[in-house]
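In this chain, numbering begins with 1 at the start of the sequence shown.
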Amino acid sequence: MADRSGLKFVGFIFATVTMAVMLTTAMVVKTYADGGYTIENTSFVSE
């Protein structure tokens, strides 16, 4: 059976990764909402 200190460490790692992903997602969504990213409308002509 796993010891509590090991489980606390693994939980801390998972929590840190989760917070990093949430922060990155929030920053991307905010920048997109503010108009920082533009989607170019290009049409490709096949010859």
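Counting only residues at least two apart or in different chains, salt bridge (Lys or Arg N to Asp or Glu O under 4.0 Å) contacts with residues 21-38 comprise Lys30-Asp34. Residues in residues 12-26 take part in no salt bridge (Lys or Arg N to Asp or Glu O under 4.0 Å) pair, two or more places apart or across chains.
Scored by the side-chain hydrogen bond (donor to acceptor under 3.5 Å, both in side chains) test, Thr25 finds no partners at all (sequence neighbours excluded).
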Acceptor/donor pairs from residues 6-22 side chains to any protein atom, 3.5 angstrom cut, sequence neighbours excluded:
| unit_1 | atom_1 | unit_2 | atom_2 | d |
| --- | --- | --- | --- | --- |
| Thr16 | OG1 | Phe12 | O | 2.8 |
| Thr18 | OG1 | Phe14 | O | 2.8 |

